[in-house]
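Read the structure below first, then the notes.
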Amino acid sequence: MKKYTEYKHLDLPAIGSDMLNFWEHAHIFDKSVSSREDSVPFVFYEGPPSANGMPGIHHVMARAIKDIFCRYQTLQGKLVKRKAGWDTHGLPIELAVEKTLGITKEDIGKKISIEDYNKACRKEVLKYQDRWEELTRLMGYWVDMKHPYVTFDNTYMESVWWLLKQLYSKDLLYKGYTIQPYSPAAGTGLSSHEINQPGCYRNVKDTSAVAMFKLADALSKLPGAEALDTYFLAWTTTPWTLPSNTALAVGAEIEYVVVKTYHPSTHQAVQVVLAKDLLSTHFPEKNADLEFAAYKAGDKAIPFQVVASHLGKALAGLRYEQLLPFAQPEDGDAFRVITGDFVTTSDGTGIVHIAPSFGADDFRAAKQNGIGSLTLVDKRGRFLPQVQDGTFLYGEEYVKEAYLDEAEKAASLEKQRVALQGIIADTSKIQYLSVDERIVLKLQQEGKLFKKEKYEHSYPHCWRTDKPILYYPLDSWFVKVTAKKDRMIELNKTINWKPEHTGTGRFGEWLNNLQDWNLSRSRFWGIPLPIWRSEDGTEEKCIGSVEELKREIEKATQAGYPSEFPMDETLDLHKPYIDRVVLLSDSGKVMHRESDLIDVWFDSGAMPFAQMHYPFENKAEIDDRTNYPADFIAEGVDQTRGWFYTLHAISVLLFDSVAYKNVVSNGLVLDKNGNKMSKRLGNAVDPFETIAKYGADATRWYMITNASPWDNLKFDQEGIAEVQRKFFGTLYNTYSFFALYANIDGFAYAEEEIPLAQRPEIDRWVLSELNSLIALVDNAYSEYEPTKAGRAIEYFVAEHLSNWYVRLCRRRFWKGSYTSDKIAAYQTLYTCLETIAHLASPIAPFFSDRLFKDLNAVAGRNTSESVHLSRFPKVQEAHIDKALEERMELAQKICSMVLSIRKKENIRVRQPLNTIQIPITGSGLKEKIEAVKELILSELNVKKIEFVDESQTRIVKNLKLNFKTLGKKCGKDMKEVQAYAAANSKEIIGQIEAEGKAMVHIAGNNYQLDPEDVDIIPVDIPGWKVANAGAITVALDTVITPELKEEGLARELVNRIQNLRKEKFLEVTDKITLHIEDHEQMRTAILNNLNYICTETLAVSLVSEGPIDPAGADLVDVDEEIRILIKINKA
RNA sequence: AGUCCCGUAGCUCAGUCUGGUUAGAGCACUACACUGAUAAUGUAGGGGUCGACAGUUCAACUCUGUCCGGGACUACCA
């Protein structure tokens, strides 16, 4: 006879390692895939992590979510392949290598060859691969780590090249200018990632100026304006960009005013244009009343007067004279007013000076409006030679003071002292004047300056050189995602986002404001852009495969341009090797590779295709859509504009399809105080330690059930301990209880299934609840709501199964012979436990499998080797009986109320009582209670329930208004009706009970109260002890008759004997003989309950005798007054 | 700066979509009970201006607006 395994105590970490062993030896994961080879696929994509850092606790969170739904779908019979992946390129890796080697970007190619550098990167990137694999294993995340995709593999890179070539052929890949953060001091562009490092933004004081741009169009285009010189006012904190100005931007819906005033330096009458909202910051209110005629040159108070007002969009198209004409833009129709959505009236003048070369917004706005640019600053941060006038500017000057060293400053100062004579009174006294300051001086001289001031603002600095950065136009390759913007938005609407707002909000907004994707990175370790270009830039070729590369190399070689590039097994498509390839254009020109790498985000976004080396292998799987798009992906919410976006963009652009149908974006894992975890702060939680201490199941369960995955999780180890106790402890206890008695009775589920109809109410109830639970959990998993699933399982186990079913049914398991009632109890409990194993297995894979295997090792009901190879339970609709569930809820409520009365009256449950009374309200209440009467009586240790007709006048009733119906009826008089009803509740109750309605008169209005407008609730039965909750009231007869007292004593005695049995380590099944010392108060109690006492304690004989020998006997207190000796012997 | 999320008991969270009667759980705390599931369990208690203000409504934790605090992402702008 096989026995259910019984355990000494619950050890989740041990169960974890046991099950890991079993899974590995029996190849359960492989089987969970191979056993479903012919089934419908459920496509999952693993977002590749970068293994150059240690995995953290948040990875357990993200991976638990992935695992849950993959396991669930496997239980549903789907084929769920999961290929692991590694993200291996990119800046974080390069920066880590630079740090390790103690070098900077400038050293690469000098102090260290690119070859060696990239070798170091290749090594760095998988530094912690074994730790990642170990965590994956320990936490029970099932993913195929034996055959991962690796983004630095040639096959992966080849697929990426193929995708790039598709983009190229579709004209979706182009070379263009973009404005990027650029450090002239370091001579390199910076990524936004670099700029966002702490300390890069610093407060600096710059000279700001409001410049005057003279209207060049006819005044008739500005209705209402007078016949005066007219200027647009625009503010800048970087006057050095003014020579490169090519446009002015206004807000389309912002209101602008034309103001008549006097020029601040020429003192001529002029008109200026600025935003109405900012009028008062430039023109003090008090000057509005000044007489124009009274103004004299040099007066401090300058009169002004608004002469016209226009919306920004009406100003669009107006032309102005170039402010500082050092050079002309080569293309485009410059020096016009345009509109821009970025224009605000928070400061300045509401008119923005646009220098397209030195600002991202500027560049975009200029491009959209067909306006060319001027880039009058070189890459070292100096003006071009033509920016000189001999007086203020001397050509080839650094535009930021910080770029000059002391000697350069001194030399420049000498120049200034000469050149500025006549403009500045005593030039010997001046300090070095920055370019900004001199431009302001120049504007003032030329009558183009409205105002100047020092302005403090935060400005980004280069983290390597500490010098201010510039925004500078650089050559870059772009993916023209804007060409498919509408389609991307449209297809996004078909994606099921969890939570929804991430898709509509964060992602949707991002798509609505889509910009072309800058693909270029001037780095070393990444996928090289497969584009070769002729020196003059007129011809180029995009290579889409290794094969094509080979052909082109051969072609060039034959024409006399051999490349030193091995095409054998040492092939490596990385730098520096690929840069040695020289190709020929169609017309025979030599072409070299564009030096950039591609954005690492393209690598990961390409994974649906590149992980399969598409289209060079596995072509059909993509083309026939069996492995594409994904049914499900999941990552942190920080990937919304990262991986989620790049997947979507590549898919829509090239395959006109979504890349994934369902996506879960989880929130952050914070420390228990809500702070971000970081190694630096020392509050990072080590996932290995956590799993070792609590087990993966408890960790996963805690993370999933504590909060929805998309909310941030405040990770507190106490919470895991609680889950361990509350959920796993309770479930384990329930199993232990089952195993204990099933082993005694030899229950192996060998008997015929006892039909539902023949099982007692409580069995049918728990099975009904169980099937309701299956439906709920199934639904929650299928809708990607793991928290709801977990919480429902938890609730069922703790409340329904353990605290009610097992507690009430205990006697059925240990009492009496092996009857059909007992078998029904075993079958019911078994079914519950096994079902829970299935339902919980996606979240708690270890414990669930242990439970499943322990049960089936004896019962053999389910032949699956592991719960993870089984099928998800089917809801048996016939078992669900909602009315029964309601009845039981009612029973629980009544029990809890009566227990609270007992508590208040200080009558222990062991003391039997005679009667509870329940006033019957509403129809069917009596029948409902009748059905669960036995449970209530035994739980409460009461003899009988009496139902009291509610019409009995002795019952005290309360009137409660139904605001939902009455609110509609009474409207504004609701409050008064309420007050009236409170004051006259007796009359109203009487009327409604007698006539079925009651009338209320308020302020001339009559309102009829119908029975549905009120609840009449019995609250008290005078002379009884009562409790009420909602519409239910119960009363308890607390009189203890002599019979009841005896019965109570007998129960106390049984209790003491049971305790003695336990102290003496008797087996649950051992029979005993009893000798009880005679006591007058106990005499009749024992006599009248002899049978009861003997069956309960398994006594074959009971002798009550006079004084007994204290030797071998125990002295016990039966109650406060009775102390007797009891002797127990094993029979 | 923009977009989005969050704010309910000491802590972790339900409830808000669809307004209605006394805002609920668990943990923690206190007291008492129960106990052949026992490192479990029950009952009772204290603990809440539902982030603030305004609006809509007979009625607002719930709807609307503004703001405050925390967080994420994106951008960095005259």
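So you know, we letter chains A, B, ... as the sequences are listed, proteins then strands, and number each from 1.
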Show me the protein contacts with nucleotides 27-30 of chain B, counting only N or O atoms at under 3.5 Å.
{"from": "B/C27", "atom 1": "OP1", "to": "A/Lys726", "atom 2": "NZ", "distance (Å)": "3.3"}
{"from": "B/C27", "atom 1": "O4'", "to": "A/Glu722", "atom 2": "OE2", "distance (Å)": "3.4"}

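- The P atoms of B/A75 and B/U8 are separated by 32 Å, rounded to the nearest whole Å.
- Every residue two or more places apart in sequence or in another chain was checked for a ring-ring contact (aromatic ring centres under 6.0 Å, His included) with A/Tyr732, and none qualifies.
- Residues that satisfy the ring-ring contact (aromatic ring centres under 6.0 Å, His included) test with A/Tyr472, not counting sequence neighbours, are A/Tyr182.
- In the set B/G71, B/C76, B/A14, B/G71 carries the atom at the smallest distance from any side-chain atom of A/Asn712.
- In this structure, the salt bridge (charged side-chain N to carboxylate O under 4.0 Å, His left out) partners of A/Glu785, at least two apart in sequence or on a different chain, are A/Lys498.
- The side-chain contact (heavy atoms from CB on, under 4.5 Å) search around A/Ala742 returns A/Tyr4, A/Phe738, A/Phe747, A/Tyr826, not counting sequence neighbours.
- Under the ring-ring contact (aromatic ring centres under 6.0 Å, His included) criterion, A/Tyr795 pairs with A/His800, not counting sequence neighbours.
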Collect all protein-nucleotide pairs involving nucleotides 6-12 of chain B in which both atoms are nitrogen or oxygen and the distance is under 3.5 Å.
{"from": "B/U12", "atom 1": "OP1", "to": "A/Lys714", "atom 2": "NZ", "distance (Å)": "3.2"}
{"from": "B/U12", "atom 1": "O3'", "to": "A/Asn706", "atom 2": "ND2", "distance (Å)": "3.3"}
{"from": "B/U12", "atom 1": "O2'", "to": "A/Asn706", "atom 2": "OD1", "distance (Å)": "2.2"}
{"from": "B/U12", "atom 1": "O2'", "to": "A/Asn706", "atom 2": "ND2", "distance (Å)": "3.1"}

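- The salt bridge (charged side-chain N to carboxylate O under 4.0 Å, His left out) pairs that include a residue from residues 731-740 of chain A number zero, where partners must be two or more places apart or lie in different chains.
- Residues satisfying the side-chain contact (heavy atoms from CB on, under 4.5 Å) criterion with A/Asn492, sequence neighbours excluded, are A/Ile495, A/Trp497, A/Phe507, A/Leu511, A/His648.
- Not counting sequence neighbours, A/Tyr805 has no partner by the ring-ring contact (aromatic ring centres under 6.0 Å, His included) test.
- Taking both residues in full, the closest heavy atoms of A/Gly1048 and A/Gln911 are given as CA-OE1, 3.8 Å, listed atom of the first, atom of the second, then distance.
- Annotated stems with RNA chain B as a participant read B:1-7 with B:68-74, B:10-13 with B:24-27, B:29-33 with B:41-45, B:51-55 with B:63-67, given as range with range, by first number; only runs of 3 or more Watson-Crick or G-U pairs under 3.5 Å qualify.
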Sub-3.5 Å pairs of nitrogen or oxygen atoms, protein against nucleotides 62-67 of chain B:
none

